[in-house]
Amino acid sequence: MSMALAQQLAAQSITAVAEGRNLQDTLSEIRAAHPDLSAQESGALQDIAYGVQRYAGSLRFMLAQMLNKPITHQPLESLLLAAMYQLHYTRNAPHAVVNEAVESIAKIGKGQFRSFANAILRRFLREREKLAATCKKDDVAKHNLPAWWIAYLQQHYPKHWHNITTALQAHPPMTLRVNRRHSNAEAYTEKLAEAGIQAKVLDEYAVKLAEALPVGRIPGFSDGLVSVQDFGAQKAAHLLNPKNGERILDACAAPGGKTGHLLELADCNITALDIDSVRLSRVESNLERLGFKNAKLICADAQNLDTWYDGEKFDAILADVPCTASGVARRNPDIKWLRRPGDAGKTARQQETLLDALWQTLTKNGRMLLATCSIFEEENSRQLQNFLNRHADAKCIETHVYLPNHHQDGFYYALIQKQ
Ligand SMILES: C[S@@+](CC[C@H](N)C(=O)[O-])C[C@H]1O[C@@H](n2cnc3c(N)ncnc32)[C@H](O)[C@@H]1O
């Protein structure tokens, strides 16, 4: 494999995120432009690209400690960060990492950065333990979160903020939901053990793998025996509690993790809606894999009722509305650096319009579950309160805040009933 290529492409992704672009989309574009990447190169690209975002606070801080003035050339900084990540967090041969990065950097501009890059990376090799120790003195470097985000957590979660920051920089767990129509967590864990895969039972139908695996290696995945779904996300369908024969709307359904779970729980009539046709096609393939053929899939903007609603009310609605995704930032670590302090307020206003439209389609005594994968209160408790203030016929039945920890991501749920 060419380490230089993986490093260069990862550096491209670091530059893209620094310019405000989403990492996942950027990596899809990079892969599409390099169809000949080997599986190993693609894996290395993924590891460096995600790793740098996960630890960008400390990597940038350590880089700054070695500079007299900030680097203003983004591609140069990106290649240095990619190499520093490899030196500090991977087992790649250090001298190969440095040599490849210096050669790539030498090709930037007129080659004026070669000796500078060589000096920086060799110094990092010698002094990285000492530099890493200095990260403890800087909050952004220590928690790998922007200062405003740390301040927000300290203010809103005075008892838990430290655990949250620790969870947000860890690698996310890989959790499976066992399809109750076929098996359960105990029995499936035995199947995993036979395949030499270590796992822990979290509840009757949830299993956490000791290590993340490609889905192709998960026994029974392609036959719908299990789905990959975070433990916190698995709470949603239980809270909505679907019953046989009910008419249920999954209003923001893609990629269909919760749609499949609702159908595993009851033989209900599901309408799964999503604004994004590409993402909606993933709902279709997920349901097909699980063997559910009767869901009605609609590509539409849920708030434009004229375009999709047939006038027949729903017994229950899952409103898994788009949000800042602050609760799942460890799965998409670029989010930490892309979000801005006012973003939760902005998404909350978009959610508001969506929730008001959906409320009109709910039957009397019906229930709507407001769900977000956020830990920002604007999108959660404040959103709920504002909703209750606007709708005299709405009553909150229960709320749940799941903070990110070693078992689950961060989620918020509010079950609201129509009076
Ligand atoms: C948090 S994700 C949903 C995750 C999904 N419920 C699951 O469990 O797999 C939010 C989804 O809302 C969709 N969305 C955003 N705005 C929408 C709108 N106005 N109408 C319908 N879907 C929308 C997005 O395309 C995205 O797929």
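Small disclaimer: the values here were computed from a predicted structure and weren't measured. Counting starts at 1 for both ligands and their atoms, following the listed order.
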Please examine the side chains of Asn286 and Phe292, heavy atoms only from C-beta on, and report whether any two atoms are closer than 4.5 Å.
-> no
Please verify whether a non-hydrogen atom of Ala251 lies at under 4.0 Å from ligand 1.
-> yes
Under 4.0 angstrom from ligand 1, any heavy atom of Leu354?
-> yes
Kindly confirm or rule out an N or O of Asp250 lying under 3.5 angstrom from an N or O of ligand 1.
-> no
In terms of residue, atom name and distance, what is the protein heavy atom nearest to atom 10 (C) of ligand 1?
-> Asp320 O, 3.6 Å
So which protein heavy atom does atom 19 (N) of ligand 1 come closest to, and at what separation?
-> Asp301 OD1, 2.8 Å
Validate the cation-pi geometry between Lys418 and Trp359: distance from NZ or CZ to the six-membered ring centre under 6.0 Å, angle to the ring axis within 45°.
-> yes
heavy-atom search around atom 12 (O) of ligand 1 in the protein gives Cys252 CB, 3.2 Å
Which is closest to atom 3 (C) of ligand 1 in terms of heavy atoms, Ala254, Ser374, Ala325?
-> Ala254
Check whether NZ of the Lys or CZ of the Arg Lys159 lies under 6.0 Å from the centre of the six-membered ring of Tyr157 and within 45 degrees of that ring's axis.
-> no
Atom 24 (C) of ligand 1 [closest protein heavy-atom partner, distance rounded to 0.1 Å] = Asp274 OD1, 3.5 Å
Under 6.0 Å from the six-membered ring centre of Tyr205 and within 45° of its axis: does the NZ or CZ of Arg177 meet both?
-> no
May I ask you to say whether Lys258 pairs ionically with Asp250, meaning some side-chain N is under 4.0 Å from a carboxylate O?
-> no
Give the residue, atom name and distance (to 0.1 Å) of the protein heavy atom nearest atom 22 (N) of ligand 1.
-> Ile275 N, 3.2 Å
Salt bridge check: are Lys191 and Glu186 linked by an N-O gap of less than 4.0 Å?
-> no
Can we say Glu29 and Arg21 salt-bridge, meaning some charged N sits less than 4.0 Å from an Asp/Glu carboxylate O?
-> yes
Atom 9 (O) of ligand 1 [closest protein heavy-atom partner, distance rounded to 0.1 Å] | Gly257 N, 2.9 Å
Region of Ala300 engaging ligand 1 - heavy atom pairs below 4.0 Å = backbone
